Amino acid sequence: MAYSEKVMDHFAHPRNVGELADANGVGEVGNSRCGDIMKMFIKVKDNVIEDVSFKTFGCGAAVATSSMATEMIKGKTLDEALKLTNKAVMEALDGLPPVKVHCSVLAEQAIKAAISDYYTRIGIDPLPIVGEIGDCEACHVH
Amino acid sequence: MDRFVYADNAATTRVSDSVVQAMLPFFTEHYGNPSSLYHIGQEAHAAVDEAREKVAKALGAAEQEIFFTSGGSEADNWAIKGVARKLGAQGKKHIITTKFEHHAVLHTVQALEKEGFEVTYLDVYHNGVVHPEDVAAAIRPDTCLVTIMYANNEIGTIQPVPQIGRICKDKGVLFHTDAVQAVGQVEIDVKDQCIDLLSLSGHKLHGPKGIGALYCRRGLRLPNLIEGGAQESGRRAGTENVPSIVGLGVAIEEACRDIPGRTREIKKLRDALIEEVLKIPRSRLNGDREQRLCGNANFCFEGIEGESLLLLLDFNGVAGSSGSACTSGSLDPSHVLLAIGLPHEIAHGSLRLSLGDYNTMEDVRHIAEVLPPIVQRLRDMSPLWDEIIKAEKESN
Ligand SMILES: Cc1ncc(COP(=O)(O)O)c(C=O)c1O
Ligand code: FES
């Protein structure tokens, strides 16, 4: 199993890592049993993600996908961010080994969870907009 | 960072110069087939015999009891499947093993379970050591085999093999031990220790990869695993891997020449390493502190995940390993760490550093210098670590 140079770069130099003090949306997905937890912090203004950060407990791919995902949604509208798929994150990283696909799923879900939290905080039901945030499929295998 | 520290000797070892030198002529000069009658064949034959003598001597066995294989995995498969086929036919379909065997053993007995064998997996307790009395209690009239590793590959714990061997002998049950990690590190005498079958591998003792041996006690005739030509007294077919067999012979002779002296030196390094690493908050040593292989140190660091740790260590010139989910391509953490009772989230953050003959105190100092900031860096980005710290504050 080998990681692409992009994955290694994002793992070695993660972008937007840490906690966002003035976040108005926070989402956490995964669980420590599986070995991955991803937490996303977003700061939304006028429907635009002005700032974003993450904290991740997980493997190299989990860190790299979190990092890449934050870069891909920064400055985007909420609708645009919701369209971000795990596939797009993987492609941006020049691919992931097959066993690491679940990490990219986690990144997509972490964004959705953060946006849901934002909508909930401003009194809007997120379900019709964001939809259900399923569990990581890999989680159900064991 | 120029320094490179190889601290994964339990995974494999550097082949020693003397082993390489001993092997080389068998590629280009004495390349004959040992079964051939002309002189370069007979030279190869003599070299295989000499290597067999060396392996036998290292184990306190006779030459006729040593069979070369393609490695530890094949030896394990042969011993276990062989006994199961031989005695299963007589209705003995119960096997005793432990929860934390190498997969070469675990997957083999699991395959036999599908064929109708019943397997008892003994507990290894929190320190990773089997209790001999549990072995005695598990033996039944239909038990065909007890297979328990000599030393564990992940946490390095050494099992009470002589006591287990005695129990098996008294009860008339065959005893196999996977000694891949133990040979050259622990004094082994198959007769004194009542071992019927023993697996070993070349690449853990500065020999080549892809070569190993099965010791099979005289008088115990197992069905063949590999059928074909009449090599290895008709019991293991295939043209002998002469260079590797020669390499294994030299390697095992060197490894077993002065076990107390060699292990004393490695242990000094290992103990210094353990002392340094355990200064990291919320770290622990896995496996019994005393009853462990001289080079093995296996740690858990709460709040971080093993693969990330390995990658960052690699950036800093340190090669180690982890029983963590991701490295093995399966999502479950190490079965060994779960067997000693660690919760999943802690088992994910494990690090095995295994030192060997080529390591120095400089290596230990390098690891001690680079490891703590790496652990801290990963904890700083870990939401799980935040929770641990929060819980700690609340309980204070
Ligand atoms: C305990 C144990 N058994 C078996 C094996 C397999 O040996 P080999 O790699 O020679 O097949 C190993 C190491 O890989 C091991 O550590
Ligand atoms: S979140 Fe990764 S396996 Fe479930």
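Protein chains get the first letters and strands the later ones, always in sequence-line order, with residue 1 at the start of each. The shown structure was predicted, so the numbers you read here are calculated from the model rather than taken from an experiment. Basis for what follows: all heavy atoms, side chains included, without hydrogens, waters or symmetry-related copies.
A:Ala61 touches chain B through its backbone: at least one of N, CA, C or O sits under 4.5 Å from a heavy atom, while the side chain does not. Using a 4.5 Å cut-off between heavy atoms, B:Leu312 contacts chain A through both its backbone and its side chain. Contact annotation for B:Asp386: only side-chain heavy atoms (C-beta onward) come within less than 4.5 Å of a heavy atom of chain A. Neither the backbone nor the side chain of A:Pro98 comes within contact range of chain B; no heavy atom of the residue lies under 4.5 Å from a heavy atom of that chain.
Contact annotation: the side chain of B:Val364 never approaches that of B:Asn359 to less than 4.5 Å [non-hydrogen atoms, C-beta and beyond]. The shortest distance between side-chain heavy atoms of B:Ile304 and B:Trp385 does not fall below 4.5 Å.
No side-chain donor-acceptor contact under 3.5 Å links A:Asn86 and A:His102.
The side-chain contact (heavy atoms from CB on, under 4.5 Å) test with B:Glu302 singles out one residue from B:Val375, B:Ile388, B:Ile280, B:Leu384, and that residue is B:Ile388.
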